[in-house]
Amino acid sequence: MKIEYAKHETDYIKEYQEKGYTSNYLFEKGYLIDTETKYSYKPEEIFIVAQHRYEGMSNPDDMSILYIIETADSVKGTFLLGYGPTSDLDASEFFKDIPEINCSDKESINNP
């Protein structure tokens, strides 16, 4: 059984990259954009297959969530979103708009 990392988000990103989640995304103008292909995804085209939340050791306001993503066109990648007082509200709303049916933990590295 895998143990939840007490380290940094990069530990998870590295392990998911080894599983094929290699695409990177940025959020801009209401869309999640693949940094390589420049394709712009709408919330309904995104499937969250795992997520991991983090809180800063020295500052509880330093919070983030790592989304493990598969897209409707089968692209796999990750997106790290800060949340809390310093979060990007538009990006947070984008992720809230992803249909609940598109969210699972089926690829979580913490599942036995």
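Note that the numbering runs from 1 along the sequence shown for the chain.
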Discussion item. Please determine whether side-chain contact (heavy atoms from CB on, under 4.5 Å) holds for the pair Ile68 and Phe47, giving the CA-CA distance in whole Å, both sets of side-chain angles, and the decisive distance to 0.1 Å.
Written reply: CA-CA 8 Å; Ile68 311 309; Phe47 296 86; over 6 Å; no

Discussion item. Any donor-acceptor pair under 3.5 Å linking the side-chain atoms of Tyr21 with those of Glu70?
Written reply: yes

So, taking the atom named [atom1] in [X] and the one named [atom2] in [Y], what distance separates them when rounded to the nearest 0.5 Å?
{"X": "Lys96", "Y": "Leu89", "atom1": "NZ", "atom2": "CG", "value": "8.0 Å"}
{"X": "Lys19", "Y": "Lys76", "atom1": "NZ", "atom2": "NZ", "value": "8.0 Å"}
{"X": "Gln17", "Y": "Tyr12", "atom1": "CD", "atom2": "OH", "value": "15.0 Å"}
{"X": "Leu80", "Y": "Ile13", "atom1": "CG", "atom2": "CD1", "value": "5.5 Å"}
{"X": "Thr78", "Y": "Lys14", "atom1": "OG1", "atom2": "NZ", "value": "14.0 Å"}
{"X": "His52", "Y": "Ser64", "atom1": "NE2", "atom2": "OG", "value": "11.5 Å"}

Practice prompt. Over all heavy atoms of both residues, which pair between Ala50 and Tyr16 is shortest? Give the atoms and the distance, please.
Written response: CB-OH, 3.5 Å

Practice prompt. Would you mind telling me which of Ile98, Ile69, Ile46 makes a side-chain contact (heavy atoms from CB on, under 4.5 Å) with Tyr41?
Written response: Ile46

Worksheet item: Sub-3.5 Å donor-acceptor pair from the side chain of Tyr67 to the main-chain atoms of Val49, do we have one?
Response: no

Discussion item. Treating Thr35 as the side-chain partner and Asn24 as the backbone partner, does any N or O pair qualify as donor plus acceptor under 3.5 Å?
Written reply: yes

Discussion item. Under the criterion side-chain contact (heavy atoms from CB on, under 4.5 Å), I'd like the reasoning laid out for Ser92 against Leu81: C-alpha separation, chi angles, the key distance, then a yes or no.
Written reply: CA-CA 8 Å; Ser92 295; Leu81 175 67; 3.9 Å; yes

Discussion item. Taking salt bridge (charged side-chain N to carboxylate O under 4.0 Å, His left out) as the cut-off, I'd like each qualifying pair that reaches into residues 24-49, sequence neighbours left out, listed once.
Written reply: none

Worksheet item: Is the closest side-chain heavy-atom distance between Leu32 and Phe79 below 4.5 Å?
Response: yes

Worksheet item: Apart from Leu26 itself, which Ile, Leu, Val, Met, Phe, Trp or Tyr residues share its cluster (side-chain heavy atoms under 4.5 Å, direct or through members)?
Response: Tyr31, Ile33

